Amino acid sequence: MKVYADNAATTKMSRSAIDAMLPYMEEVFGNPSSLYTIGQEAAEAVYKAREKFAKALGCTVNEIYFTSGGSEADNQAIRSAAEIGAKRNKKHIISTTFEHHAVLHTLDKLQTEGFDITYLDVHENGLVTAEQVAEAIRPDTCLVTIMYANNEIGTVQPIREIGALCREKKITFHTDAVQAIGHIPVNVKEDNIDMLSLSAHKFHGPKGVGVLYVRKGVYISNLIQGGAQERGKRGGTENVPGIMGAAAAIEEAVKNLGENSEKLLKLRERLIDGLLEIPHSVLNGDRNSRLPGNVNICFEGIEGESLLLLLDAKGISASSGSACTSGSLDPSHVLLAIGRPHEIAHGSLRLSLSEENTEEEIEYIVSEVPKVVYYLRNMSPVWRDLQEGKKDYVIQ
Ligand SMILES: *Cc1c(COP(=O)(O)O)cnc(C)c1O
């Protein structure tokens, strides 16, 4: 059996997203800046796509900027707020320790440029609170950037409350909502969000297409200089087919959101219950304030990398953290952020589901993972020490 359970890394494109793209490669291939018909048809299509995103997020078309993905949107949002902050001599930024690297590495860079960054500690349940943000705010704070939902452990942050606080204190609030959009309800107005990043390939759209939402009145600067595209804020000929695929995908995701999340919740709960039957295992992140498709579990005494390879041999595609840290031997910065010790953080398994996963697939995972965990434990000197009482279990 082949089971794809790494939808937080990327998703398979939906049929309707692919179908929405094809005409813009084959027939309407014009440049939206051109004045003749196939150019103007492309421009019209991009406008309609913008309307679809505006509708999905609860904003206006002029608040939508297309980018090359979530990473670019994160970079542009943070850089823009920092630029304004620097002009006003406000060079303090608040974020968290478990953001995506697109945020963390941008903040690292700003730190070398003289910004002071406060990284809020994440509680063991994978959540930060508005109170923590309130305590960290200073007179020179120019930006709060906190992710909507975490890409590894799936925890959903109290964004509306944090947004309300920032609004009250007149501090720009950005959220990396790449994992949230298309999966849980998000409304930028109700959630008091000034800037939001999303990425189409996380909800069955194409790779290389993202959106930065910027509330009217909030300033953004360019990362990419060029033509007058995106109202002068992002030069470069529009990725018309990509934008069309992304718009079809968001429309479909929002339309089916209720139905999909109900289905996913059932699958997720069965998967968590089934895997936690393995002794000395623990769920990472709050069970309730969590994306409907996310399961992340640590197993004591094993290496996540070996687990993944053996699962792959059984046809199961999963992850031990973010796609960005797979391939490196460092444990996940997210699991360390919630206080898991190194040796435990190494033994993690993330399964991120989509509505295409079936009950049969979940039962297959629930039957195969324990076999692989027991097999690896039997070979593990660490596990032997634990069994012989030479070491204490970290996970009871
Ligand atoms: C995937 C992801 C990104 C990066 O998006 P790309 O479109 O791949 O650049 C940023 N933040 C989070 C939380 C993500 O999951």
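Computed from a prediction, not measured in an experiment: that's the story for all the values here. Atoms within each ligand, like the ligands themselves, are counted from 1 in listed order. Basis for what follows: all heavy atoms, side chains included, without hydrogens, waters or symmetry-related copies.
Of all the atoms in ligand 1, the ones that sit under 4.0 Å from a non-hydrogen atom of Met147 are 13 (C). Taking every non-hydrogen atom of Gly69 and a distance limit under 4.0 Å, the qualifying atoms of ligand 1 come out as 7 (O).
Annotation: atom 8 (O) of ligand 1 to nearest protein heavy atom, His201 NE2, 2.9 Å. Annotation: atom 11 (N) of ligand 1 to nearest protein heavy atom, Asp176 OD2, 2.6 Å. With hydrogens left out, the protein atom closest to atom 3 (C) of ligand 1 is His100 NE2, 3.4 Å, a heavy atom. When hydrogens are left out, the protein atom nearest atom 1 (C) of ligand 1 is Lys202 NZ, 1.5 Å; that is the closest non-hydrogen contact. With hydrogens left out, the protein atom closest to atom 9 (O) of ligand 1 is Ser71 OG, 2.7 Å, a heavy atom.
Of the polar atoms of Ser199, at least one N or O is found under 3.5 Å from an N or O of ligand 1, judged by distance alone.
Look at Arg50 and Glu230 and you find a salt bridge, because one of the NZ, NE, NH1 or NH2 atoms lies within 4.0 Å of a carboxylate O, short of that distance. The existence of a salt bridge linking Asp273 and Arg287 is confirmed by a sub-4.0 Å separation between a basic side-chain nitrogen and an acidic carboxylate oxygen.
Of the N and O atoms on the side chains of Asn75 and Thr106, at least one donor lies less than 3.5 Å from an acceptor on the other residue. A donor-acceptor contact closer than 3.5 angstrom is absent between the side chains of Tyr65 and Gln229. Looking only at atom types and distance, the side chain of Ser197 has a donor-acceptor partner in the side chain of Asp74 under 3.5 Å away.
The closest non-hydrogen atom to atom 6 (P) of ligand 1, taken over Ala177, Gly70, Ser352, Ala9, comes from Gly70.
Taking the six-membered ring where tryptophan is involved, the planes of His280 and Trp383 are perpendicular, since the angle between them exceeds 60° and thus also 30°.
With a 4.5 Å cut-off between side-chain heavy atoms of Ile, Leu, Val, Met, Phe, Trp and Tyr, the cluster of Ile38 takes in Phe29, Tyr36.
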